[in-house]
Undergrad: 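One structure coming up, written as structure tokens, with questions to follow.
Quantities reported herein were computed from a predicted structural model and do not represent experimental measurements. Note: hydrogens, waters and symmetry copies are ignored here, and every other heavy atom, side chains too, is used.
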Amino acid sequence: MSLTGTPFLYTTIVLSLVALILPLFLWSRLRGPKAVRAAARVLMLLFAQATAVTLIFVLVNNQNNLYDNWADLLGTGNHVQQAANLGQDGTGGIALKRLPKVRQTFTAADGPGMRAAGGVEVTQLKGRVSGVDAEVYVWLPPQYHEPAYRNHHFPVVELLPGYPGSAKAWFGSLKVTEQLEPLMKSGRVAPFILVAPRTNLLAGVDTGCANIPGTVNADSWLSIDVPKMVTDNFRAAAAPAHWAAAGYSAGAHCAVKLAVAHPDRYRAAVSLSGYNDPIGERNSLASQSVTLREQNNPYLLLRKAAAPPRIALYVSGESGDGYQAGVALEQIAKAPTTVHVVYLPRSAGGHNMALWRPQVPTVFEWLTLNMGQSHVRAGTAPLVPSSAGSTHAALASGTASRAGAVRRR
């Protein structure tokens with residue numbers, strides 16, 4: 001029975017009701033020695049507590065897409081077949097253009113939000129470079145199957161969850177397709193292909209979006225294998241000009257790191273409540289040594305770059321939760337690198353989906369403008385920071401200025 005499936009949810013609800021009703025009928029009707037009756041009552045109480053905790057966990061997990069399946073929850077899943085030393089660029093010296101095309105079979109994805117706005121497709125991809133074997137979810141924009149776009153190649157955004165987190169989270173908890181479909185149809189947001197690869201590749205740890213020889217090649221999985229599969233199977237525009245990464249929490253760190261480390265593969269990145277130093281996630285493999293931390297810290301990578309990369313970064317966060325990381329990047333950025341930092345007050349929410357969900361339209365409008373994909377119709381309000389007196393919705397969506405935010409705290 002699937003951890004996130006409807007049958008398991010209904011089963012936990014029924015068991016919780018049974019656990020609640022059972023003592024009402026049997027508490028005073030138990031027969032036998034006193035010790036036996038006491039033990040039976042204790043078991044009924046424990047059963048009631050266990051079913052209640054299980055139901056709450058299932059509801060929270062389904063709402064936030066923390067664990068995708070039983071293997072993720074129990075820490076028994078391993079999606080790494082091999083982890084060869086692939087060198088600094090993560091290719092292992094392989095001529096990527098000479099690799100044969102990856103032909104994948106896609107099926108309709110199940111789960112919350114996966115059937116909305118045309119539906120999400122899923123495939124099991126064996127990464128030829130990274131050695132990772134995991135699922136990848138793909139959503140095609142409404143224009144993709146329209147006759148007028150039959151020769152059009154679409155820009156792509158890779159969507160990365162936090163840790164723990166499911167690749168389904170952007171579609172379920174953040175409702176990205178439901179929010180973006182009408183904006184794409186109206187022309188406010190470009191028709192992006194959305195790709196959500198699995199990032200939870202090893203049991204009980206966050207890969208930190210890093211290549212670690214002998215352990216995992218998460219960077220190459222996300223920046224090489226997944227993009228190649230997408231361009232081989234869909235009318236996806238070429239990298240880097242038409243590719244971006246977006247994430248929240250640990251996924252935010254990953255998105256920025258990918259763009260800074262590989263400006264030849266990505267043009268833009270979105271960070272929602274992220275961090276620069278991998279130590280921001282205590283379970284990150286990239287935080288296990290000073291060397292790994294330096295190699296996977298986008299601030300240090302940007303500062304040490306031989307030439308400023310041609311990338312655009314959008315960073316939003318609260319004080320102590322993403323904002324300072326964005327400011328640090330902004331302070332060292334030199335043209336053509338651009339960094340747009342949005343300050344969010346504590347009143348806008350916490351480190352959760354309620355804060356990130358309303359930012360989705362804003363960040364995709366920003367991606368539309370900064371990736372040269374602007375098809376904004378005449379009369380559409382430009383994407384500019386609001387002034388003091390911003391509404392709570394503006395603060396939550398990331399369109400308020402820091403000055404306006406401070407006044408409303």
Undergrad: Is the side chain of H153 donor-acceptor paired with the backbone N or O of A236 at a distance under 3.5 Å, no angle test?
TA: no
Undergrad: With rounding to the nearest 0.5 Å, note down the distance linking CG in N276 to OG in S271.
TA: 8.0 Å
Undergrad: For Y266 and E158, does a side-chain donor sit closer than 3.5 Å to a side-chain acceptor?
TA: yes
Undergrad: Of the options Y275, W356, Y248, which is the one that meets H351 in a ring-ring contact (aromatic ring centres under 6.0 Å, His included)?
TA: W356
Undergrad: Only one of D133, T107, T105 forms a side chain to side chain donor-acceptor pair (under 3.5 Å) with Q124, so which one is it?
TA: D133
Undergrad: For C209, does its backbone N or O pair with a side-chain atom of K257 as donor and acceptor, under 3.5 Å?
TA: yes
Undergrad: Think R265 forms a cation-pi with W243, using NZ or CZ under 6.0 Å from the six-ring centre and within 45 degrees of its axis?
TA: no
Undergrad: CD of Q49 to CE of M44: how many Å apart, nearest 0.5 Å?
TA: 13.0 Å
Undergrad: The test is side chain to side chain contact (heavy atoms under 4.5 Å, CB included); show your working for V360 and K175 and say whether it passes.
TA: CA-CA 9 Å; V360 168; K175 301 184 183 300; over 6 Å; no
Undergrad: CZ of R103: more than 12 outside heavy atoms within 6.0 angstrom?
TA: yes
Undergrad: Test side chain to side chain contact (heavy atoms under 4.5 Å, CB included) on V122 and V120 and set out the steps.
TA: CA-CA 7 Å; V122 62; V120 178; 6.0 Å; no
Undergrad: Is the side chain of W170 donor-acceptor paired with the backbone N or O of L160 at a distance under 3.5 Å, no angle test?
TA: yes
Undergrad: Quick check against the 3.5 Å criterion: does N352 have a side-chain atom that pairs as donor or acceptor with the backbone of L355?
TA: yes
Undergrad: For the side chain of Q143 and the backbone of M184, is there at least one donor-acceptor N/O pair under 3.5 Å apart?
TA: yes
Undergrad: Exactly one of V270, V157, L369 should register a side chain to side chain contact (heavy atoms under 4.5 Å, CB included) with F364. Which one does?
TA: V157
Undergrad: Would you name the heavy atoms of N217 and I212 that are closest together and state the gap between them?
TA: OD1-N, 4.1 Å
Undergrad: Which pair of non-hydrogen atoms, one from G247 and one from A255, has the smallest distance, and what is that distance?
TA: N-CB, 3.9 Å
Undergrad: Between S130 (side chain) and S220 (backbone), is there a donor-acceptor pair under 3.5 Å?
TA: no
Undergrad: Is it true that a side-chain atom of R150 and a backbone atom of Y144 form a donor plus acceptor pair closer than 3.5 Å?
TA: no
Undergrad: Between K168 (side chain) and D110 (backbone), is there a donor-acceptor pair under 3.5 Å?
TA: yes
Undergrad: To check you understand the geometry: which heavy-atom pair defines the closest contact between A134 and R198, and what is its length?
TA: CB-CD, 3.6 Å
Undergrad: Could you tell me whether the side chain of L344 reaches within less than 4.5 Å of the side chain of Y323, counting heavy atoms only?
TA: no
Undergrad: If you compare all heavy atoms of A167 against all heavy atoms of P197, which two are closest, and at what distance to 0.1 Å?
TA: CB-O, 3.6 Å
Undergrad: Just one of Y137, W139, F234 clears the ring-ring contact (aromatic ring centres under 6.0 Å, His included) bar with F106, so which one?
TA: F234
Undergrad: Does L26 offer a backbone N or O that forms a donor-acceptor pair with the side chain of R41 under 3.5 Å?
TA: no
Undergrad: Give, for atom CG of D206 and atom CG of N283, the distance between the pair rounded to the nearest 0.5 Å.
TA: 7.5 Å
Undergrad: Using modelled atom types and a 3.5 Å cut-off, is there a donor and acceptor pairing between side-chain atoms of E181 and backbone atoms of T177?
TA: no
Undergrad: How long is the span from the OG1 atom in T215 to the CG atom in L292, to the nearest 0.5 Å?
TA: 9.0 Å
Undergrad: Go through the side-chain N and O atoms of H340 and N370 and say whether any donor and acceptor fall under 3.5 Å apart.
TA: no
